[in-house]
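Below is one structure, written out as structure tokens, with a few remarks after it.
Just follow the structure's listing: the first ligand is 1, and inside any ligand the first atom is 1. Fair warning: this is a prediction, and the values are worked out from it, not measured in the lab.
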Amino acid sequence: MKLYQPSEILIEQGEENTAVVRRAVARLPHTPVRIVEKGWERSGLSAVEKDAFAAGKKRLLFTRQRSTFLEHCPAGTSGLVCCNYLVVSLISNCPMDCSYCFLQEYLANNPTLKVYTNVEDLLSQVATATDRHPTQQFRIGTGELSDSLALDPLLGFSADLVPFFAERRNVLLELKTKTDCVEGLLALDPRDRVVVSWSMTPSAIIDTEEHQTASFSARLAAARRVQEAGYKLGFHFDPLIEYPDWERGYYETISQIFSTIDPQRVAWVSLGSLRMTPALRGTVRRRFPQTRILSGEQVPGADGKWRTFQALRVKMYRTVLGWLKDAVPHVPHYMCMETAAVWEKVLGYTPNCDKDVARMLIEPHLRTGMHST
Ligand code: SF4
């Protein structure tokens, strides 16, 4: 896929000599660089731009994270079943532009793609939190406010993260992506403690809704490369999107994935439905007038988000899950941001929020990792 090219690089005063800034500036020798004052992004610039959100993606700002890096995934709210996932964000905003992306609402007035320079603070916060509970097992991901790997060729964060997490006995790191930017991972040793996961969907959806992401075949080839380099894989069919030929599309997607990679080294598979707040629906309609994702029947849920109506949602989950169980019967699967009622209908049980799902996903992998020390 085409590598990210910002229109300009903005560096907050005092961050000029940090390792990540030096790397990025060296790798973008023709991009204009500007030193800006702390808080520059609150200048109100976005108010005068036509598609401010798209323009913001092109402005690469290096700053410091002055608050905490480590947070709980927002799915653990509003009465939804939770998998006790923690997130850390070194990057806020994404160079790609999926029509359904929640960042369009979450970062609506944000005029930049922000990169935090103080990676050492992130690592020390993770070490403090996880060392405090040595018998507890943690699953931590970087793909909440951006794609985990899209900017790796530029920023090289995987070289900081993978060796650090490879040494931690009670933590699994998940790098979640829609790209093929895996080069920086291949020479590192994850020691069974890093899962690289791909959001997968039929090519018909990738081509029309997931703008600037890698094609299905490029994602799959990249997954195979990292698996051969020693990483475990994850796959997320999230959001599942209904379109006229969705059954054939998802069936072929699943068949191709599990006939290409080694199904024995898959850590988990998740499913999720399309979900959008009313404000996000408005933004999607304005920014992507040709999109088909708003044409299906959607209804508001208890958390205020609109989802595919329940009968169709359950049908899609059961159908896709049936094929996944045939392809990888031993691999744990779960649903993201779903209600207990839907878990019951699809899987026949409701897990305890922060125990059952997390244990099912983490334990087999960390046990392996501990033996390998
Ligand atoms: S890859 Fe993820 S973060 Fe990036 S635009 Fe698509 S949905 Fe949003």
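If you check the side chains of Ser197 and Glu174, you find a donor sitting under 3.5 Å from an acceptor. Residues Thr18 and Arg64 bring no donor and acceptor atom of their side chains to less than 3.5 Å of each other. Gln5 and Thr31 share a donor-acceptor pair across their side chains, judged by distance under 3.5 Å alone.
The atoms of ligand 1 that sit less than 4.0 Å from any heavy atom of Met96 are 1 (S), 5 (S). The ligand atoms of ligand 1 that sit less than 4.0 angstrom from a heavy atom of Lys178 are 1 (S), 2 (Fe), 6 (Fe), 7 (S). Distances below 4.0 Å separate heavy atoms of Leu103 from the following atoms of ligand 1: 3 (S). Near Asp97, the atoms of ligand 1 lying under 4.0 angstrom from a non-hydrogen atom of the residue are 5 (S).
Below 30°, between 30° and 60°, or above 60°: for His211 and Phe288 the angle between ring planes is below 30°, a parallel geometry. By the 30° and 60° cut-offs, the orientation of the rings of Tyr349 relative to Trp343 is perpendicular.
What sits closest to atom 6 (Fe) of ligand 1 on the protein, heavy atoms only, is Cys98 SG, 2.3 Å.
Atom 6 (Fe) of ligand 1 has no N, O or S atom of Cys94 under 2.8 Å away, backbone or side chain.
Counting only non-hydrogen atoms, the option in Pro239, Pro95, Ser99, Cys101 that gets closest to atom 8 (Fe) of ligand 1 is Cys101.
Under the 4.0 angstrom criterion for non-hydrogen atoms, Thr213 is not in contact with ligand 1.
Figure legend: Arg139 and Tyr334 shown as a cation-pi pair, the cationic atom lying under 6.0 angstrom from the six-membered ring centre and within 45 degrees of its axis.
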